Protein chains: 2
Amino acid sequence: MVVVRKDSEESLNQLFRALADGTRRSILARSLTETPSVSDLAARYEMSFAAVQKHVAVLERAGLIQKRANGREQLVSTNHARLQRAGELLEYFESIWRQRMAQLEDVLLPKGK
Amino acid sequence: MVVVRKDSEESLNQLFRALADGTRRSILARSLTETPSVSDLAARYEMSFAAVQKHVAVLERAGLIQKRANGREQLVSTNHARLQRAGELLEYFESIWRQRMAQLEDVLLPKGK
DNA sequence: TTAACGTACAACCATATGGTTGTAGTTAGA
DNA sequence: TCTAACTACAACCATATGGTTGTACGTTAA
């Protein structure tokens, strides 16, 4: 049986919406292999510091990343558990799909061997 | 090696944004197990027919569902391959995460056995 | 101590999103 | 044939989103 932990609709909305932007997916990918500061990140994109800061905030609200202060810097790292949540929902959808396909086979193929 | 097929940024944006709405996730789930008409779907939600029609259009543009005409009805069914795409990207992220964890182990644990 | 750095946040703008109502075109059925 | 059902789409509205610039404040280093 597939277990899908409960999550508020709003929380799932935020999760998928956070992933629906190329800059944010890029920030997320970077924070997966490094622990950059917000200005490290900002230096990599052709937009203002404030814009990158907002993207980081969206990822943080969605629970995909955390920040931790290090002097005047804020270091960004990913929250893998949260990332898995999106994956789990999609796996759940896929399991439903497979069930349906299995049922169709029952209908379309002769019973028994 | 994890294979992530190329997809335009915009296409991925549409895919995740389409999933970032509870009504649309519900429509998608329903279309996974049935092949409802647009008005079948509309009857299930507390919003206008036009609003549901718009949600269906968003899912269709994202490639997550298709419609096929049946007389005056439009029957909605899911495109599983497209749904898998979102899952693959998340799996890719997860593989990067696992690589990083493996590298950390190399650093934190003594070499050799 | 002072200047530069890193961050936070407000105010603003253009456009996108999610909803509505209304109009019109097809198809099915009495 | 005429009417009801199903769909499409335009016009409109409020709010959210993604960007900007400007200001303020704590921290670091010279």
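The model shown is predicted, which means the values in this text are computed figures rather than measured ones. Per chain, numbering begins at 1; letters A, B, ... match sequence-line order.
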OP1 or OP2 of [N] sitting under 4.0 Å from any side-chain N/O of [X]?
X: Lys67(A); N: dA8(C); answer: yes
X: Gln53(B); N: dC6(D); answer: no
X: Ser39(A); N: dT7(C); answer: yes

| request: For the residue pair Ser11(A) and Arg82(A), confirm or rule out a side-chain donor-acceptor distance under 3.5 Å. | output: yes
| Between Arg25(B) and Glu9(A), is there a side-chain N and carboxylate O pair less than 4.0 Å apart? |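 Between Glu9(A) and Arg25(B) there is a salt bridge, with a charged N closer than 4.0 Å to a carboxylate O.
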| query | Base, backbone or nothing for each nucleotide of nucleotides 17-30 of chain C, written B, S, -, heavy atoms under 4.0 angstrom, 5' to 3'? | reply | SSBBB-----BS--
| said: Using the rule that Ile, Leu, Val, Met, Phe, Trp and Tyr join whenever any side-chain heavy atoms are under 4.5 Å apart, tell me whether Leu64(A) and Leu75(A) fall into a single cluster. | reply: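 In one cluster with Leu64(A): Leu75(A), no.
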| Any Gln66(B) side-chain heavy atom under 4.5 Å of Glu60(B) side chain |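 No - every pair of side-chain heavy atoms lies 4.5 Å or more apart.
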| query | Could you state the CD-C1' distance from Glu60(A) to dA8(C), rounded to the nearest angstrom? | reply | 12 Å
| query | Roughly how many Å is it from CD in Glu73(A) to C1' in dA8(C), rounded to a whole number? | reply |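 So the CD-C1' distance, Glu73(A) to dA8(C), works out to 15 Å.
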| query | Can any side-chain N or O of Arg24(A) pair as donor or acceptor with the backbone N or O of Arg17(A) at less than 3.5 Å? | reply |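 Side chain of Arg24(A) to backbone of Arg17(A): a pair is present.
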| message | For the CD1 atom of Ile96(A) and the CG atom of Leu83(B), what is their distance to the nearest 0.5 Å? | response |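 Answer for the CD1-CG pair, Ile96(A) versus Leu83(B), is 10.0 Å.
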